[in-house]
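Let me begin by presenting the structure, written as structure tokens, before commenting on it.
Chain identifiers are assigned alphabetically (A, B, ...) following the order of the sequence lines, protein sequences preceding nucleic acid strands; residue numbering begins at 1 within each chain.
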Amino acid sequence: MRNKPKNVILNVMNKQLLRAMLNKLKSKGAEYADIRSVKTGHENISVFNHAVENISFHIDEGYGIRVLYNGAWGFSCGSDFSEKEIEKNIKLAIGIARSSSSLNKTKSVYPAYPAVHAVHSSSYQINPFEVSQEAKLHYLFYTNEILLKPPKIKFAQSTLDFYHTEKLFLNSEGSEIEQSFIESGGYCEAVACAGSLVEKRSYPTSRHSQIRQAGYEYVQELDFHAHAPRVRDEAIMLLSAPDAPCGQTTIILDGYQTAMQVHESCGHPAELDRVLGSELSYAGGSFLTLEKAGRFRYGSKAVNITADSTLAGGVGSFAYDDEGVKAQAVALVKNGIFSDYLTSRETAAAIGKTSNGTMRADSYNHIPLIRMTNINLEPGKPSLGELIADTKEGLFLATNKSWSIDDLRLNFQFGSEIAWQIKNGKLGRAYKNPLYYSTTPYFWNNCSGVANKDSWYIWGIPTCGKGEPAQSMHVGHGTAPARFEKIMVGVKK
Amino acid sequence: MITLDWLRKKLAPLVKTKEADKAGIVFFHTGLQVSRFTNSQIHQHMADEERIIYFRILLDGRIGIASTNSIDEQNLKEAFKKALSIARLKLEAKEKKDIPSFRPLKVSSAFWFPQTAHTQAPARIRRLRRIFSDGNSHKLTFSGNLYNGLTELGVISPEGRVNYHTHSFAGIKLIASQGESSGYAHQAGYSMESLNTKEITNIAIEKCLRGQGKVRLKAARYDVILEPAAVAELIAWLNYIGFGAKSVFEETGFLYKRSGKRVSGEPVSIYDYGSDANTFVLPFDFEGRARKKAYLIKKGIAGEPLCDSNYAKLLKLKPNGHANFPDDIEGPLGYNLVMEGGNASLDEMICSARQAILITRFHYINGFLDTRRALMTGMTRDGTFLVEDGKIKSAVFDMRFTESCLEAFRRIKYISKERKLIADHLETLGSVYAPGLYIKGFNFTS
């Protein structure tokens, strides 16, 4: 494994300048301040049918200033590193905080945290920015060629995404943390059409790239070319498949759909800022209210969910969060009992705890928020084959298609691209348009098994939305397929 | 803030390059200040900048795109070079692309209020102090945001012509909370002065106070009275899954092969028009062309989809000025959506109802269930009430609907005369000017 890009696409950031900014903030009376200087490079390559749909490269660069002044927060940002602009933004951040403090009746409590000096780089083998765009395009063109072979496949799309982020964090407590991340991934999809029917199959994820903290070797591992024949054949098969049945049944979710389920019904409600009301005006609150910590039966004993920002390869991994708190692995649900929240320094202090390090901002110009790291459903004992063999009747649902959950993260409905009938322990016919719906505690309490580590996989979602203005975060989920009993399916009509 | 003058002096010369067949530039900037609050306390308070400069380079039918947020001369040159290197990739372009030209448009300065664009925190605090005080007197708390800022869009054609537009904006979103009850109200406009924070506060308070003692209704079909915020969310999803030409080209959208055919009830007319002053005006698209008035549905009949130059060519249609950001692969979208109003008022709709559910807004709609039918699911939120015999009888626990939006639009009984600009996501891209609707037999599924 190589740890540092040979051909760094971004320049080294100016630590001296940030130190001077912090000194100014302290001299102006800031009780606490931090500055993040962030540069991100993003390459997107997308091929639609036999044509290039997009090849683009974007660089985003700047600094964000967060300041606590008289017990209230202010934030400003800039991409112009001139002294005049920096001075203006320092004044702006302090002015904003001062205004907040004139209105707020309660002062923010921000506990001290030991100063840290650290340098961290995510691991990879092949720097994706050193792989030629011709080679990437060739990979995608050939994927589409396979997908488009049968005439019934009218459309094929394949996409690759690569990110390089460099982050320098300094705070008034003396922390100086330099982190660098390389992320790579992609997805492909085939659309089959016949008359009024349109059916799509995707691999490995739908509507967004599956990403990892890794280099181009991960794109090779995804191996679109090997999976494309199955993807296109299943899309064609769906054209003649019946609609998924309605009623109550046992369902087994594939790893990706399980990841989406964990994301919406465990990850988000466990964010302590939501619980305390920070997102009431946008994404909503949480049913996991404070009295539930340590005692609420969230799921069956098979349900063990961990927030792990140390997981190698997960896009929610780092060495330190955007408050300078060390990465850690924390049990959110242990043997079915809800045990802990995702916290920040301020929210953890509000419940008498210390931060478990989940504050991240998606770019220099946004404030850090509590974000999912890698929220993992720990593997169980049976193999996926044994889980299916042990199911008398039900559905196996694969690849997320739609998702919706209420503002307390209780009432949800998901759809997937395909489902297979399970009868007497064997997979049978395919169905199109499967849907299932339930409420979170009922659903997880009816979890009757999680497949073992052989089918446990780290999913990477680059589009987790939160905050106003909206932030789009990269979050990870390690999951295996999981089984749920007595679940309502098929509400389409 | 970047000005037209800066675009002309600093960026426009870059397109006159001999290294490419053509070059074009797109510039987009939003400056935003937000006071975000919960429990009647400001918890997030920020000044935010979003800026992006795209370089599009055309070489032998191939387009390379690179972008940067930096206005530093060196960084701009590097982005230009990167776009050039992408365009130089040795590929056989099966479909030759182009960077279209455009005529410079006369844009109005009527949407620019400098004081609003640059309103600072103390002015927002003064308004919030009054709002929180009103909440205190009703023993409830507020969450939400009060914001202001500016949007700039500039497009430079290969000939060096520049289209530039700027407007200011301000908005307020309030969620009044008391126990299990919550009430939503929102207003947005071009100036801070246009915000009637007192009225918005009263609406949120009234909804919250009415929301006590919720009853649970079983999942079934009910008549619904949708307030403009709820209607706007349905229209936003129709836009996302079916108004754009890409969904027609890919055969996934509900407009596919339905142009000229009935897709919803006769009272329904929805168009997108970049210069409609009831929305946040964006007079030209990201190719610099005028965003023409394009009816997506007119009196229930499907119109042509929203097109940029590329999809217009592919679908053999005329472009109507709806190009999206240069690197966006979702295709053309409407950013200025308007649903035409009717004759009723919301009060008349309530009075006319024997039994209906009054819905303030929806939450987390997802429209990917069956895009040909515009089948969607979502939850009600922050003010859902049972109306019986012409009166609001009680609050209702939130419910999930699963419904084809177009089929529901065939069952519209009334459309309100009053319409409202809905843009409650702190951005001015994607605003909707929507009426209230009375729809019969809306399908609630859990």
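In this structure, no portion of A/F81 lies under 4.5 Å from any heavy atom of chain B. Heavy atoms of A/L92 lying under 4.5 Å from chain B belong exclusively to its side chain. Contacts between A/S278 and chain B at a heavy-atom distance below 4.5 Å involve backbone atoms as well as side-chain atoms. The part of B/R372 that comes within reach of chain A is its side chain, from C-beta onward, which places non-hydrogen atoms under 4.5 angstrom from that chain. A/E43 does not touch chain B: none of its heavy atoms, backbone or side chain, sits under 4.5 Å away. In this structure, chain A has a heavy atom under 4.5 Å from the side chain of B/Q33, while its backbone stays farther away. Only the side chain of A/R207 has a heavy atom closer than 4.5 Å to any heavy atom of chain B. Residue contact with chain B, scored on non-hydrogen atoms closer than 4.5 Å, involves the side chain of A/L137 exclusively. Neither the backbone nor the side chain of B/D72 comes within contact range of chain A; no heavy atom of the residue lies under 4.5 Å from a heavy atom of that chain. Using a 4.5 Å cut-off between heavy atoms, B/I175 touches chain A through its side chain atoms alone. With a 4.5 Å cut-off on non-hydrogen atoms, A/E417 does not touch chain B at all. At a 4.5 Å heavy-atom cutoff, A/L408 makes no contact with chain B through either its backbone or its side chain. With a threshold of 4.5 angstrom between heavy atoms, A/K154 approaches chain B through side-chain atoms but not through N, CA, C or O. Proximity to chain A is limited to the side chain of B/L426, based on heavy atoms less than 4.5 angstrom apart. Heavy-atom distances place no part of B/E407 under 4.5 Å from chain A, backbone and side chain included. Neither the backbone nor the side chain of A/S82 comes within contact range of chain B, judged by heavy atoms closer than 4.5 Å. Within the 4.5 angstrom heavy-atom criterion, only side-chain atoms of A/L369, from C-beta onward, approach chain B. When heavy atoms are compared at a cutoff of 4.5 Å, B/I329 approaches chain A by way of both its backbone and its side chain. For chain B, no part of A/S132 is nearby; none of its heavy atoms comes within less than 4.5 Å. In this structure, chain A has a heavy atom under 4.5 Å from the side chain of B/F132, while its backbone stays farther away. The part of A/A283 that comes within reach of chain B is its backbone (N, CA, C, O), which places non-hydrogen atoms under 4.5 angstrom from that chain.
Between chain A and the residues B/N366, B/I53, B/T38, the most heavy-atom pairs under 4.5 angstrom are made by B/N366. Between chain B and the residues A/Y364, A/F155, A/W73, the largest count of heavy-atom pairs under 4.5 Å involves A/F155. In terms of heavy-atom pairs under 4.5 angstrom with chain B, the leader among A/V52, A/V191, A/T106 is A/T106. No other option in A/I96, A/L280, A/V198 has as many heavy-atom pairs under 4.5 Å with chain B as A/I96. Between chain A and the options B/T380, B/D398, B/I52, the largest number of non-hydrogen pairs under 4.5 Å is found for B/I52.
Remark: A/K466 pairs with A/E271, A/D273 by the salt bridge (charged side-chain N to carboxylate O under 4.0 Å, His left out) rule, at least two apart or across chains.
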Just do the salt bridge (Lys or Arg N to Asp or Glu O under 4.0 Å) check on B/R381 and B/E233 with the steps written out, would you?
CA-CA 12 Å; B/R381 183 177 173 186; B/E233 285 175 70; over 6 Å; no
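Contacts from residues 79-89 of chain B to chain A, taken as heavy-atom pairs separated by less than 4.5 Å, involve B/K82, B/I86, B/L89 in sequence order.
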